[in-house]
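Quantities reported herein were computed from a predicted structural model and do not represent experimental measurements. Letters A, B, ... are given to chains in the order of the sequence lines, protein chains preceding strands, and every chain is numbered from 1. Scope of the values below: all heavy atoms of this structure, side chains included, with no hydrogens, waters or symmetry mates.
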Protein chains: 2
Amino acid sequence: MFRLSRGAEYAIRGLLYLAMQPEGKISFIEEISIAQEVPKAYLAKIFQTLGKKGFVKSYRGPDGGFVLTKPASEISLLDAIEALEGPIHFNDCLIHEGYCHRDEMCPIHDVWMTAQKQFLSVLTGTNFTILAEAARVKAAKKTDRLKEAKCKQN
Amino acid sequence: MFRLSRGAEYAIRGLLYLAMQPEGKISFIEEISIAQEVPKAYLAKIFQTLGKKGFVKSYRGPDGGFVLTKPASEISLLDAIEALEGPIHFNDCLIHEGYCHRDEMCPIHDVWMTAQKQFLSVLTGTNFTILAEAARVKAAKKTDRLKEAKCKQN
DNA sequence: ATTAATCGGACTAACATGGTCTCAATTATC
DNA sequence: GATAATTGAGACCATGTTAGTCCGATTAAT
């Protein structure tokens, strides 16, 4: 179906939220779920898998929560997606060399290969420092727009 | 899940088969299903949707079957896929401008946009004449390999 | 102890996928 | 005109995936 799953989408939002916090600050699920508009219980489950995959570290008990285990710059968008969806391969024939016995006559294999490479290169080229920065810029623009609107009112 | 559906895969194989036939030659489902290793009944269903979408024309009765309605060069890989899967958008926010209210603060939208563009450009840049030609080349190489192997035997 | 948080997993409803099967319609051939 | 070969339309079904919810257990700060 060529669609990002909601689970992966939410994982990305969650990691982005953490990436935008001051370093080392513990955030808890409820906080993130509200800010990022994700159902709390679902987000909790997602963060468990993010924990198992080594992207976040958790603290239990009151004042518990989650922190990134590595610098945001070392987590790519692809990492986040594959953490939830598993490895991406557009077509079965791309799973590994020799998987598909039709390879020797099938001309489509190569097309998929390049399409997938193009796609993956965009995702690996984007990390959460970049995303966090882009989010900050967007937020600034938004407040600018609001100010301007208020100015016109008066 | 970022995966091509089997249905679309089979549609591609079917169209490729037709594209490789002499122009105007009618092929019937059983023939195609055997050559392309697709379950016959399923392929029949797929060709009905390909017919409705205007890619193939059908003839009933004995000696009936299917033919391409337009030159293979005018059918892109994307056309074939979207005929079965509907329009491709990697993420909901790409459905149309303004669909997602988070756009104004979400930094990921733009990444998806470029990733999808890259991907689609590969698929639109590949048509069935290209594929058919590539298949012929591959087939030739295969027979070469076989000949060589036979030569060594003697 | 209480309370606030994660951990782990069971559970579920809805939908998508990948088919099969049947019967009807069409048409070439004998 | 009967027969046989083909597509047309759609009902049907088993399985898997998605997008969650819910609950009880665990951990730790106060």
Please classify the nucleic acid contact of [X] as base, sugar-phosphate, or nothing, using heavy-atom distances under 4.0 Å.
X        : value
Phe28(B) : sugar-phosphate
Gly51(A) : nothing
Phe47(B) : nothing
Lys52(B) : sugar-phosphate

Are the charged groups of [X] and [Y] less than 4.0 angstrom apart, N to O?
X         : Y         : answer
Glu133(B) : Arg136(B) : yes
Asp79(B)  : Lys70(B)  : no
Arg3(B)   : Asp92(A)  : yes

[X] side chain, from C-beta outward: closest of [options]:
X        : options                   : answer
Pro62(A) : dG18(C), dC7(C), dA28(D)  : dA28(D)
Tyr42(B) : dA4(C), dT20(C), dG8(C)   : dT20(C)
Ala41(A) : dT21(D), dA9(D), dT7(D)   : dT21(D)
Pro39(A) : dA5(C), dG20(D), dG18(C)  : dG20(D)
Gln48(B) : dT7(D), dA9(D), dA28(C)   : dA9(D)
Met1(B)  : dT17(D), dC7(C), dG8(D)   : dT17(D)
Asp63(B) : dG20(D), dT26(D), dA28(C) : dA28(C)
Arg6(A)  : dG20(D), dC7(C), dG18(C)  : dG20(D)

With a cut-off of less than 4.0 Å, is there a side-chain N or O of Ser5(A) near OP1 or OP2 of dT17(D)?
no
Under 4.0 Å from OP1 or OP2 of dA28(C): is there any side-chain N or O of Tyr59(B) that close?
no
Tell whether Lys45(B) reaches the base of dG19(C) with its side chain through a donor-acceptor pair below 3.5 angstrom.
yes
Between Gly61(A) and Phe66(B), which has a closest nucleotide on DNA chain D that is more 5'?
Phe66(B)
Go through the steps for Ile32(B) and Phe47(B) under the test side chain to side chain contact (heavy atoms under 4.5 Å, CB included), then give the verdict.
CA-CA 11 Å; Ile32(B) 307 174; Phe47(B) 263 78; 3.9 Å; yes
Does any part of the side chain of Glu85(A), heavy atoms only, come nearer than 4.5 Å to the side chain of Leu4(A), both counted from C-beta?
yes
Most 5' of Glu30(A) and Leu4(B) on DNA chain C, judged by nearest nucleotide
Glu30(A)
